[in-house]
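A quick write-up on the structure given underneath.
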Amino acid sequence: MKKLDIILLLVCVHFAWGQKQITPSSVQVYTTAKETNERLSASATALFAPAGQPFETQICIFVDPAKKFQTFMGIGGAITDASAEVFAALSPEKQQEFLDSYYSKSKGIGYTLARTNIHSCDFSSSSYTYVTEGDAELNSFSVAHDKKFRIPLIKKAMQTAGNLNVYASPWSPPAFMKTNGDMLQGGSLKPMFYQVWANYFVKFIQAYEKEGIPIWGISVQNEPMAKQRWESCIYSAEEERDFLKNNLGPTLEKSGLASKKIIVWDHNRDLMFQRAATIFDDPVASKYAWGMGFHWYENWSGGQQMYENVKKVHEAYPTKNLIFTEGCAEAFNPEKYQFWTNGEKYGTSMIHDFNNGTVAWTDWNILLDERGGPNHVGNFCFAPIHANTKTDELIYTPSYYYIGHFSKFIQPNAQRISSVASRSQLLTTSFQNPDNSIVTVVMNTSEAAISYYLYVKDQAVNQLIPAHAIQTFVYKIN
């Protein structure tokens, strides 16, 4: 700390925000920074000191534990067919390293949430369903396909994590249920199969739970407004609303599965408000919807991420939960494993999404191979961890560490608290854990290192954040 900075902290007039006197303890700082060896590294331990009114020249983060917002659920990633197949190709030693890296709180980044696909998606080696073609009675229903790779990986992840909430999403109904007669290339669910498809969800949940995998929830449809060359199905807002209120919701209820959470939309931020209004303004449909899922691919035309739309939905429907259900860095290139911007995209999105009311955040594939797959339509992309299946090597990308700055330290049932930066170069969010520890994340996307003060009421600590870096502070208040 510079001498002038110490003087500023000690001689400024003492002041307090609010009536309750708060005394922070020491703070542990963890840092990940570009062009350094710091990767979730314990980089500093500092003490809070009394501090007064900051000068205009000081850069500050202001945290106020008295201002409380949404309750945090968890962070995780998708356990797809692709991830499970790559995992199975690893040696037992690398498999254990991988499981610890994601699901251990002490050895890794402590994932507590997992998404998986209901039969095939693009990140499967081929298209498949759980029934024979044309079986509207679902008599042939079987998840035998998933027992080879996916179910074993989910169970190992559950065992490592101790507490893992698993939810599932369909990419398409079976071809015979659709208007285009194909699982790929969009099409819609035929009204005559609405009830059959709702029954299919029940069969899936029951089959997975019979295998020892409790299903926390489901989404109605992955990306319901995207016609893709892979598994996809179009639902208008009205179609999703009507399927939810007339078929899916009542069917789960009648089957004794009313406790399963139902997530609507499960697509980009761009159209989420219109979808929310259509479903949540209908009292019957709304009662079945736990909340809304969203993705980050809305900037397909080169525009900015539409974080404000998340806030608008949260403001309009504060009793509905918001969950980020998918995001990844696309256009896989093995020369860009360490492309720093990919990690910064995660950090930026997570901070904005949490500050706008999101309760949980789920990455896409947890593991892909050296080609960014497998993927049966060549839609290769990045994952936070890749495996070179030829050399039995795990490759950790910046995205893994950026996610870890949140998932490793923020505990389920934490509550977001106020966290505000005085300069646009810094992004920040804060949570108070059930054990009363506070986690403050600060991110610097600029080209220069920044010296700043972390204020909690009338106490502050000075810290330097390198250029293109993310830091997590962990501390308690008395």
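When reading the values below, keep in mind they use all heavy atoms of this one structure, side chains included, and skip hydrogens, waters and symmetry mates.
- Scanning for side-chain hydrogen bond (donor to acceptor under 3.5 Å, both in side chains) contacts around N413 gives an empty result, with sequence neighbours left out.
- One side chain, Y200 or H119, offers a donor N or O that lies under 3.5 Å from an acceptor on the other.
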Any chance you could lay out the side chain to side chain contact (heavy atoms under 4.5 Å, CB included) test for E344 and M443, step after step, and finish with the verdict? CA-CA 9 Å; E344 290 186 332; M443 185 173 158; 3.8 Å; yes

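- Residues satisfying the side-chain hydrogen bond (donor to acceptor under 3.5 Å, both in side chains) criterion with T31, sequence neighbours excluded, are S43, Q471.
- Considering only residues two or more places apart in sequence or on other chains, Y346 meets the side-chain hydrogen bond (donor to acceptor under 3.5 Å, both in side chains) condition with D363.
- Pairing each heavy atom of A207 with each of F141, the nearest pair is CB-CE2, 4.1 Å.
- When the ring-ring contact (aromatic ring centres under 6.0 Å, His included) test is applied to F406, no partner is found at least two apart in sequence or on another chain.
- Across every non-hydrogen atom of A289 and L244, the tightest pair is CB-CD2, 4.1 Å.
- In this structure, a donor-acceptor pair under 3.5 Å is present between the side chains of R115 and S169.
- Applying the ring-ring contact (aromatic ring centres under 6.0 Å, His included) rule to Y288 yields no partners; only residues at least two apart in sequence or on another chain are considered.
- Counting all heavy atoms, side chain and backbone alike, S120 lies closest to D81 at CA-OD2, 4.4 Å.
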Working for side chain to side chain contact (heavy atoms under 4.5 Å, CB included), residues T32 and H405: CA-CA 8 Å; T32 295; H405 273 271; 2.7 Å; yes

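- Side-chain contact annotation: E85 with S125, donor-acceptor N/O pair under 3.5 Å present.
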Does the pair I385 and Y102 meet the rule for a side chain to side chain contact (heavy atoms under 4.5 Å, CB included), with working shown? CA-CA 9 Å; I385 301 178; Y102 270 125; 3.5 Å; yes

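- A donor atom on one side chain and an acceptor atom on the other are found under 3.5 Å apart for Q28 and T45.
- Within the structure, the side chain to side chain donor-acceptor pair (under 3.5 Å) test picks out the following pairs touching residues 327-342 (sequence neighbours left out): W340-Y402.
- Taking the ring centre of W290 as origin, the terminal cationic atom of K320 falls outside the region bounded by 6.0 Å and 45° from the ring axis.
- Residues forming a salt bridge (Lys or Arg N to Asp or Glu O under 4.0 Å) with K476 (at least two apart in sequence, or on another chain): none.
- With sequence neighbours excluded, the residues that form a side-chain contact (heavy atoms from CB on, under 4.5 Å) with L257 are V202, I205, L252, S255, K260.
- For the residue pair H295/T325, the side-chain donor-acceptor check at 3.5 Å is satisfied.
- A side-chain N or O of T440 and one of Y475 form a donor-acceptor pair less than 3.5 Å apart.
- Pairs engaging residues 157-168 under the side chain to side chain donor-acceptor pair (under 3.5 Å) rule: Y167-T362 [sequence neighbours left out].
- No side-chain donor from either of K345 and Q305 sits under 3.5 Å from a side-chain acceptor of the other.
- Under the side chain to side chain contact (heavy atoms under 4.5 Å, CB included) rule, Y452 has a single partner from T428, L464, V442, which is V442.
- In this structure, a donor-acceptor pair under 3.5 Å is present between the side chains of Y130 and D146.
- Counting only N and O atoms by type, the side chains of Q228 and D122 include no donor and acceptor under 3.5 Å apart.
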Q425 and T445: CA distance, side-chain angles, deciding distance, side chain to side chain contact (heavy atoms under 4.5 Å, CB included) verdict: CA-CA 7 Å; Q425 295 97 318; T445 60; over 6 Å; no

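- Contacts of H376 classified as side-chain hydrogen bond (donor to acceptor under 3.5 Å, both in side chains), with partners at least two apart in sequence or in another chain: E231.
- Aromatic rings from F294 and W265 are positioned such that their centres are separated by 6.0 Å or more.
- The ring of F204 has its center closer than 6.0 angstrom to the ring center of Y208.
- Residues passing the salt bridge (Lys or Arg N to Asp or Glu O under 4.0 Å) test with D392, sequence neighbours excluded: none.
- Applying the salt bridge (Lys or Arg N to Asp or Glu O under 4.0 Å) criterion to R269, with sequence neighbours excluded, gives E298, D353.
- No hydrogens or angles considered: nothing links the side chains of Y453 and Q463 as a donor-acceptor pair under 3.5 Å.
- Looking only at atom types and distance, the side chain of E370 has no donor-acceptor partner in the side chain of H386 under 3.5 Å away.
- A donor-acceptor contact closer than 3.5 angstrom links the side chains of T429 and N355.
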